[in-house]
Amino acid sequence: MADTRTEPTGAGAGDVAPEAPERRFSWRITGRWVGITGLLALLVAPIVPLFIWSISFRWFYPAILPTEYSARAWTEVITPHNDVLGVAWNTALIALVVTVFSILLGVPAGRALGLYEFRGKRLVEWMILAPIIVPGLAVVLGIHVLFIRAGLSNSIPGVILVHLVPTLPYMTLVMSGVFANYDTDFELQARSLGASRWATQLHITLPAIFPGVVVGALFAFIISWSQYVLTLLIGGGQVQTLPLLLFGFVRSDPAIAGALSVVFILPAVLVLLLSSRYLSGDNAAVGGIGNI
């Protein structure tokens with residue numbers, strides 16, 4: 001009678017069982033979270049000493065932490081007579097206006113550079129890059145003379161215009177990268193189906209380039225928000241912003257400088273968090289620039 005017994009179908013004695021997919025996946029997730037945690041720690045680490053300075057009253061070497069704490073600095077920051085909130089609003093308003101102008105000027109310029117080839121294109125690109133290659137102090141000294149003659153010095157409009165010098169190149173370059181991967185056939189199809197030029201721009205072009213616009217606006221806002229030299233020279237001390245207020249307290253009162261530094265950093269962090277979805281993932285406009 002034939003032997004009907006069958007050998008087990010499992011791995012042989014000499015075979016090594018493969019690692020479970022669930023275990024490999026868990027290690028990948030763990031490594032990812034460790035990396036994210038480490039990155040956040042590096043980003044948050046510089047803010048911690050600033051916050052400690054803001055609540056310190058006595059802090060002398062070699063003490064690692066302050067020997068006495070006080071809320072005096074924060075009280076001074078929110079006290080109306082110091083007008084810190086007014087200066088913060090002034091800084092935010094200037095940065096927002098600069099961002100809007102950067103979008104209005106940078107999007108058409110980026111479209112021209114990203115979609116079309118024309119004579120002198122390299123020269124135009126170098127001219128756009130020049131303000132961020134040449135030292136800012138040299139640029140602003142030349143502009144200052146022109147602004148004095150035009151009556152724009154010591155005024156908010158003058159500060160807004162000079163902030164466009166470093167912000168507009170970033171906006172243009174980001175949009176140039178976006179439009180380099182943009183397919184204009186979608187616009188032609190919409191126009192052939194009867195859509196007006198305005199409707200095409202609103203429903204076809206804008207959704208496609210929106211991640212790039214957000215990233216460029218993020219750069220423009222943060223650069224304008226943090227300007228010190230340009231604001232000091234063109235504003236002449238008449239236009240007060242948070243960087244000017246902050247530098248005034250760095251040597252005279254480190255505690256208030258620490259509190260102002262925290263106030264100075266928070267809006268930029270909030271803007272970054274609100275636009276983070278456009279910096280990574282499927283909607284990324286940097287790295288996967290032009291996921292259109």
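The basis for the numbers below is simple: all heavy atoms, side chains too, and nothing from hydrogens, waters or symmetry mates.
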List the atom pairs, with distances to 0.1 Å, where a side-chain N or O of residues 148-157 and a protein N or O form a donor-acceptor pair under 3.5 Å, not counting sequence neighbours.
| residue | atom | partner | partner atom | Å |
| --- | --- | --- | --- | --- |
| Ser155 | OG | Leu152 | O | 2.6 |
| Ser155 | OG | Gly158 | N | 3.3 |

Query raised in the report: Given the rule in the side chain to side chain donor-acceptor pair (under 3.5 Å) test, do Gln227 and Thr241 qualify, once you have shown the distances and angles that lead to the verdict?
Result: CA-CA 9 Å; Gln227 280 300 319; Thr241 59; over 6 Å; no
Taking the side chain as every heavy atom from C-beta outward, state whether [X] and [Y] have any pair of such atoms under 4.5 Å apart.
{"X": "Glu187", "Y": "Arg197", "result": "no"}
{"X": "Thr184", "Y": "Arg111", "result": "yes"}
{"X": "Thr205", "Y": "Ile209", "result": "yes"}
{"X": "Leu206", "Y": "Gln201", "result": "no"}

Roughly how far apart are [X] [atom1] and [Y] [atom2], rounded to 0.5 Å?
{"X": "His144", "Y": "Leu146", "atom1": "NE2", "atom2": "CG", "answer": "10.5 Å"}
{"X": "Ile94", "Y": "Ser224", "atom1": "CD1", "atom2": "OG", "answer": "7.0 Å"}
{"X": "Leu218", "Y": "Met171", "atom1": "CG", "atom2": "CE", "answer": "10.5 Å"}
{"X": "Asp185", "Y": "Ile204", "atom1": "CG", "atom2": "CD1", "answer": "12.0 Å"}
{"X": "Trp74", "Y": "Ile55", "atom1": "CH2", "atom2": "CD1", "answer": "9.5 Å"}
{"X": "Phe51", "Y": "Ser56", "atom1": "CZ", "atom2": "OG", "answer": "11.0 Å"}

**Report entry** Under the ring-ring contact (aromatic ring centres under 6.0 Å, His included) test, residues paired with Phe247 that sit two or more places apart
**Finding:**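 Result, ring-ring contact (aromatic ring centres under 6.0 Å, His included) vs Phe247: Tyr228.
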**Report entry** Set of salt bridge (Lys or Arg N to Asp or Glu O under 4.0 Å) partners for Arg72, sequence neighbours left out
**Finding:** Asp253
Query raised in the report: With sequence neighbours left out, what residues match Arg122 under salt bridge (Lys or Arg N to Asp or Glu O under 4.0 Å)?
Result: Glu125
Query raised in the report: So Leu173 and Tyr170, side-chain contact (heavy atoms from CB on, under 4.5 Å) or not? Walk me through it.
Result: CA-CA 5 Å; Leu173 290 176; Tyr170 285 99; 5.7 Å; no
Check [X] against [Y] and note the closest heavy-atom contact, atom names and distance.
{"X": "Pro169", "Y": "Leu164", "result": "CD-O, 4.0 Å"}
{"X": "Leu115", "Y": "Tyr182", "result": "CD2-O, 3.8 Å"}
{"X": "Ala259", "Y": "Ser54", "result": "N-CB, 3.4 Å"}
{"X": "Lys121", "Y": "Tyr116", "result": "NZ-O, 3.2 Å"}
{"X": "Leu242", "Y": "Val87", "result": "N-CG1, 3.5 Å"}
{"X": "Leu244", "Y": "Val239", "result": "CD1-O, 3.3 Å"}

Query raised in the report: Listed by chain and number, what are the side-chain contact (heavy atoms from CB on, under 4.5 Å) partners of Ile265, not counting sequence neighbours?
Result: Ile47, Leu50, Val269
Query raised in the report: Yes or no on side-chain contact (heavy atoms from CB on, under 4.5 Å) for Ile234 and His163, after CA distance, side-chain angles and deciding distance?
Result: CA-CA 10 Å; Ile234 301 300; His163 280 195; over 6 Å; no
Kindly work out whether a path of hydrophobic side-chain contacts (I/L/V/M/F/W/Y, heavy atoms less than 4.5 Å apart) joins [X] to [Y].
{"X": "Val262", "Y": "Val48", "result": "yes"}
{"X": "Leu168", "Y": "Leu230", "result": "no"}
{"X": "Val178", "Y": "Leu105", "result": "no"}
{"X": "Phe219", "Y": "Leu104", "result": "no"}
{"X": "Val215", "Y": "Leu129", "result": "yes"}

Query raised in the report: Do Leu233 and Val162 pass the side-chain contact (heavy atoms from CB on, under 4.5 Å) test, and can you show the C-alpha distance, the side-chain angles, and the key distance before you say yes or no?
Result: CA-CA 10 Å; Leu233 292 180; Val162 79; over 6 Å; no
Requested in this report: Start with the C-alpha gap between Thr172 and Leu113, add the side-chain angles, then the distance that decides, and say whether side-chain contact (heavy atoms from CB on, under 4.5 Å) holds.
Outcome: CA-CA 8 Å; Thr172 303; Leu113 293 175; 3.8 Å; yes
Report task. Quick one: sort the Trp225 and Phe264 rings into parallel, tilted or perpendicular, breaks at 30° and 60°. Result ->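 Correct class here is parallel.
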Report task. Scan for side-chain hydrogen bond (donor to acceptor under 3.5 Å, both in side chains) pairs involving residues 91-104, sequence neighbours excluded, and state none if there are none. Result -> Ser102-Thr167
**Report entry** Sole candidate of Leu260, Ile256, Val263 that passes side chain to side chain contact (heavy atoms under 4.5 Å, CB included) when paired with Leu245
**Finding:**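 That would be Leu260; it is the only one of Leu260, Ile256, Val263 passing the side chain to side chain contact (heavy atoms under 4.5 Å, CB included) with Leu245.
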